[in-house]
Amino acid sequence: MAEITILEAVNLALARALEEYPDVVVFGEDVGVNGGVFRATEGLQKQYGTERVLDTPLAETMIAGMAIGMAAQGLRPVAEIQFMGFIYPTIEQMICHATRLRNRTRGRITCPMVLRAPYGGGIHAPEHHSESTEAIFAHMPGLRVVIPSSPLRAYGLLLAAIQDPDPVVFLEPKRIYRMMKQEVPDDGEALPLDVCFQLRDGTDVTLVTWGAMTHETLQAAEQLEAEGIGCDVLDVATIKPLDMETILNSVAKTGRCVIVHEAARTCGVGAEIAAQLAEHGLLSLFAAVQRVTGYDTIMPMFKLENDYMPSTERIITAVKKTLEEA
Amino acid sequence: MAEITILEAVNLALARALEEYPDVVVFGEDVGVNGGVFRATEGLQKQYGTERVLDTPLAETMIAGMAIGMAAQGLRPVAEIQFMGFIYPTIEQMICHATRLRNRTRGRITCPMVLRAPYGGGIHAPEHHSESTEAIFAHMPGLRVVIPSSPLRAYGLLLAAIQDPDPVVFLEPKRIYRMMKQEVPDDGEALPLDVCFQLRDGTDVTLVTWGAMTHETLQAAEQLEAEGIGCDVLDVATIKPLDMETILNSVAKTGRCVIVHEAARTCGVGAEIAAQLAEHGLLSLFAAVQRVTGYDTIMPMFKLENDYMPSTERIITAVKKTLEEA
Amino acid sequence: MTNEEKKCIAKFEIHYTQLLNQAGERVGPLPEFAASYETLLALYRTMVQTRTFDSKAIALQRTGKMGTYSSSLGQEAVATGIGHAMLFEDVLLPTYREYAAQFQRGVAMSEILRYWGGDERGMAYAEQPHDMPITVPIATHVPQCAGIAYAMKLRKEARVAVCVLGDGATSKGDFYEGINLAGAWQLPMVVVVTNNHWAISVPRKVQSHAQTLAQKAIAAGIPGEQVDGNDVIAMRHVMSNALEKARSGGGPTLIEAITYRMHDHTTADDASRYREQAIVDEHKRLDPIDRLRKYLIANHNWDDTKEQALHDACAADVEAAVNSYLDTPPVPPESMFDYLYETLPDALQSQRDEVERRGKQQKGGD
Amino acid sequence: MTNEEKKCIAKFEIHYTQLLNQAGERVGPLPEFAASYETLLALYRTMVQTRTFDSKAIALQRTGKMGTYSSSLGQEAVATGIGHAMLFEDVLLPTYREYAAQFQRGVAMSEILRYWGGDERGMAYAEQPHDMPITVPIATHVPQCAGIAYAMKLRKEARVAVCVLGDGATSKGDFYEGINLAGAWQLPMVVVVTNNHWAISVPRKVQSHAQTLAQKAIAAGIPGEQVDGNDVIAMRHVMSNALEKARSGGGPTLIEAITYRMHDHTTADDASRYREQAIVDEHKRLDPIDRLRKYLIANHNWDDTKEQALHDACAADVEAAVNSYLDTPPVPPESMFDYLYETLPDALQSQRDEVERRGKQQKGGD
Ligand SMILES: Cc1ncc(C[n+]2csc(CCOP(=O)(O)OP(=O)(O)O)c2C)c(N)n1
Ligand SMILES: Cc1ncc(C[n+]2csc(CCOP(=O)(O)OP(=O)(O)O)c2C)c(N)n1
Ligand SMILES: [Mg+2]
Ligand SMILES: [Mg+2]
């Protein structure tokens, strides 16, 4: 079995879903002949036809709205938003309808749709192409928000998102799209949408992260290991709903926690995790929870993007700070 | 001087701003002849003419976009979104442009606009008329988010928002629009946009809240006082940027904190405050911070809205819980 | 250089259909269905029933037994024509004034009352599996309609998706994005714009400088036409043609139905603040029910006895619906968690427990 | 009932203007400005300069000295005509292909390079106070343009707001909302749709079933027309007329300029994946620069010497801009906080301090 990237794993999961479920429809801007600007949908139109893999007009509100309509009719739409920076026109549809259709109709009409978008910075892209605004979606009741950080998880979580009977926003960390390779058996097996994944075992401090930041976080953990500091690294993966149990168990073990995310700090998902740790884990905590995040500034254009995004160094500094305390 | 309601204070501040600043323009759906569906703009078109007080076509994206254009040209647009449930189409404009114009042009072009919207539940309104999604805006770098909770603060904070050289989302707690009256001198004096307001002094527990929830929170404080429990009640008022200093000082005094908001709990603004308390106030805290919030469900239609929204009783229970601990 | 020197590269026309004038007289040949007394009676009955329902609903709101309600007074012919022309397997995406269409499609009057009574169960539509519930956020249902129509097209079903929206709604971008997609993908879809002259207090002319709303279709490259929305025969006819065209693969149509909102925007509104009663009264002369009644009297021996019997029957139906509404068992508070996801996530269990516990305590305490 | 039996209530036509054909020959009477050699030369120079800039920018990207860049190759006449027709006090809202207009309006080539070099200072536009920076989120600038136009109208200024967008952009709702407002409020505003046949890989016909994009104006009740966007004289002419109309209170116009995107969408794109080179080559025959050159040769003694001198001058200008770009002093990391608000809120001070401290450490460490 060949090793594949996250991007290829996304492609593989989409192909698998198109193959297995006749109700799956894949669409968005440039997803057809072009195979998506990152090639996530490469070859799918050729394989599954222009009726199931479609280029849409350039209109994100419409993309979300039509996905909802399709889902209401029992299709399983998988819509692509080209970059997370262009996802905002979908918000009205997502918060007013996708998340509410089942509730509003007491289960008569459901909305099994997936909205995919590459997200995050670090690829020297133009303005608006480096957004990490997952917290906006994490605040919406009725939604699932899922972020893979490895080829295996990209495959398994995307299949899970497509199989899920409710709406899922699926954010793909584009900086690591091609960064690592793994053997990914194309077995059609979904991964669970309600658990964090433990990436590394350690007893001194818990590092909680997701998306491309798993990369910096694992690097930090490795460097810290060399200094004799053992890190428990958790990839939250499904940031809504949150699997706090796993996080709390880890913190019960380590007594210390650093949360790492790329998004702006204020009202980011890290705040929710930190708040719940303070609520339920106060007795286990030996030190204040640290958040290493993007700043509360506009994501700068690429000359400064590395100054904005959490670095291995910033994570290590935060870990050491929690170790100094108490 | 007659006593006036929050709604009348909003109207008074708008009139004052129209009077004082020739650049102020007020617009939105039904704000003209009709004076707004809540009458916040009543009489303004008659007084200041159809060129400065305008009914727009029904299109929220356009309302936000045109406000940005006007602001870029040095006007001071004050746009109304009829209900917060219809504010979502403005998000792309707000997050991509209003908040970024100054930064992107290195100060060459600025965006002194105000986006007003009534928000919150409790008035037995139809679907989508009871939203509290301020956290979405609180996550946007470059924005200010302001919520008054009394006639005096409605007047002073709205004037401040209009005077502010940067974009402000101004959310009006419609449930208490007409609930209380105060004498409000029409002196054109703005209140500061960077402080919490202390509504009640106490040493046993800090209650942090904003908007209509100040009402339940003050009621709870009063009942608790009768039981000998003294509450320090803070109205955050400007939820972005946050005045954590005042909150931390209060918690340093009381050692206990309950945060109350109407919005869904997960990734609400309460999470950010709780996270910062855990980061910076850990040593002062005798008990875990409690959040009393709306649930992580769709805001139910009005038969159940009271079961959704924090009640005086729920606040009291939470306060007692923090007092039991440690 | 004047226009004459430029090359004309595209031409468009917008047409208008009226079959009965306001006196109830034929102004053109009537379509086949209008020869059937049963059909005309069905149309008439739906309009009368809807109006009977309407005034009862307003009364319920006024007496504190229901929340805000949006009246369809004066506009009954539009939704009646739509509902009558559609097949059951089609899908309707209504706003909050298409009761007449919803009733014909199996939605119970008691469900509509429950909805305005602040209860999600009013959108469960026991007898209507596919239709979307009332859409409150303006125009958001147009792209959804396109998605539904695409599902039908993909599955090669002979079904049509129909969405209805107001004149004000045509200003919103998603209306345009939806009709543009309908054109681009040639979807089996009919979009009806109910031009009732008002969007709350904002008159039609403030919405757009376009002289008709039907011409908005030209932007999407689809046919657009206008119809007298107070002439139920014309409405039913134009709607049928559009449905047939869509059903047989002919693509989408936009229909602008001209009518008038006779009541306040909703019971929360006070239209006297922004419009003259005299103008409203003038529009009374165009009333759709009066018009069909005149035609029935002149052509089908309709008389006061039949009229009275019909009104009595409608009143009885409405009465039954109101009783059913008022007898609705209370909704358990914890149900707010039960339709959020197919399976409640663990993360929400404790919140649900809290609400359930409190609900039981309060019940116990009563 | 056939259409003939329906009443026609509105008629529309869309016109097309071309003044020079692809051989550079007059196909109609030329407007007055075209009699001036200086004017034609200015237009020609801008197009050549923009193209010279373009190939240099692509080279900078290819050699790792700049980020992603969007080429305007083949489309230079559109923005040249726009920029030349506008007055300095007007306001331009461009996308990412209107360099020719921006250069004429005082934006430095080095600023555009800085922008694509990932530096906000590339939008500070030292010599251009009012124009909006390049807009990346498609069509979002159309409602902004309406707001700007309203400010002008309110202040009774004889200014016009101009926004430019692509064929793909016409599918987005805010485009429609913006032009609808322009019509409703009769704003001094011109909207130019640069139809370059492609939106990344998506061909124009996938965007809309409308046979022209100009006819989208009909939905807004405003005039819409088409122009040969590779004919800079026609472009300048049609643009001037629209500006004059807007400036004198005559309201907005939508102009669809037909051109062709000769390069990849951006340097991050590979157009060979989705379009045949043969079709691209065919469009080469329509090149706007070649066309005006032929006209200049035939009518104004333009020759190779002059051509070479012009190219040399443009190359020198571009060279200077590139040097200025490459010499740009580094941007301090903490500057990401300095233009967020007029005054940095206290809440952000510690974040700024952290970034500044780290920046100094790194510098110290180098
Ligand atoms: C997106 C959005 N904005 C605002 C509102 C508030 N609102 C409800 S109805 C209405 C007017 C709608 O007018 P029209 O489309 O003509 O429909 P009508 O009420 O006349 O049937 C407005 C502004 C809303 N429901 N949704
Ligand atoms: C709202 C939004 N969606 C998607 C994109 C990504 N994107 C950038 S350019 C482009 C195509 C634009 O096509 P068109 O409007 O024809 O302009 P052109 O590039 O041809 O000049 C797309 C989809 C974007 N920038 N903004
Ligand atoms: Mg209307
Ligand atoms: Mg294009």
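The structure displayed is predicted, hence computed values, not measured ones. Note on naming: letters A, B, ... go to the chains in the order of the sequence lines (proteins, then strands), and numbering restarts at 1 for each one.
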Pick from [options] with the largest number of heavy-atom pairs that fall under 4.5 Å of chain D:
| options | answer |
| --- | --- |
| Leu75(B), Asp194(B), Ile68(B) | Leu75(B) |
| Pro57(B), Pro167(B), Pro77(B), Ala67(B) | Pro57(B) |
| Ala64(B), Pro165(B), Ala72(B) | Pro165(B) |
| Thr56(B), Leu54(B), Asp23(B), Leu242(B) | Leu54(B) |

Checklist entry - Just checking heavy atoms, which of residues 102-111 of chain B are less than 4.5 Å from chain D? => result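 Arg102(B), Asn103(B), Arg104(B), Thr105(B), Arg106(B), Gly107(B), Arg108(B), Ile109(B), listed by number.
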Item to check | Winner by heavy-atom pair count (cut-off under 4.5 Å) against chain B, out of Asp346(D), Thr140(D), Leu340(D) | outcome: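 Between Asp346(D), Thr140(D), Leu340(D), the count favours Thr140(D).
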Checklist entry - Taking every heavy-atom pair that is under 4.5 Å apart, which of Ala149(D), Ala151(D), Gly173(D) has the most such pairs with chain B? => result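 Top count of heavy-atom pairs under 4.5 Å with chain B: Ala151(D).
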Given heavy-atom pairs under 4.5 angstrom as the criterion, report whether the side chain, backbone, both or neither of [X] touches chain B.
| X | result |
| --- | --- |
| Met336(D) | backbone |
| Pro133(D) | both |
| Asp338(D) | neither |
| Ala124(D) | both |
| Val91(D) | side chain |
| Tyr125(D) | both |

If you round to the nearest 0.5 Å, how far is [atom2] of [Y] from [atom1] of [X]?
| X | Y | atom1 | atom2 | value |
| --- | --- | --- | --- | --- |
| Met244(B) | Ser350(D) | CE | OG | 11.5 Å |
| Leu187(D) | Met66(B) | CG | CE | 8.0 Å |
| Phe27(B) | Trp185(D) | CZ | CH2 | 6.5 Å |

Next on the checklist: If you apply the rule side chain to side chain contact (heavy atoms under 4.5 Å, CB included), what do you find for Leu101(B) with Met123(D), and how did you get there?
Outcome noted: CA-CA 10 Å; Leu101(B) 215 39; Met123(D) 291 179 280; over 6 Å; no
Next on the checklist: Would the distance check show the side chain of Tyr341(D) and the main-chain N or O of Leu143(B) forming a donor-acceptor pair, the cut-off being under 3.5 Å?
Outcome noted: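 Such a contact is found between Tyr341(D) side chain and Leu143(B) backbone.
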Validation row: [X], [Y] side chains within 4.5 angstrom (heavy atoms):
| X | Y | answer |
| --- | --- | --- |
| Gln93(B) | Gln144(D) | yes |
| Pro345(D) | Lys240(B) | no |
| Glu92(B) | Asp174(D) | yes |

Item to check | Verdict with reasoning, Glu51(B) to Lys156(D), per salt bridge (charged side-chain N to carboxylate O under 4.0 Å, His left out) | outcome: CA-CA 11 Å; Glu51(B) 296 202 330; Lys156(D) 304 198 181 0; 3.6 Å; yes
Next on the checklist: Around atom CD of Glu244(D), are there more than 12 heavy atoms from other residues, nucleotides or ligands closer than 6.0 Å?
Outcome noted: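 Counting other residues, nucleotides and ligands, CD of Glu244(D) stays at 12 neighbours or fewer.
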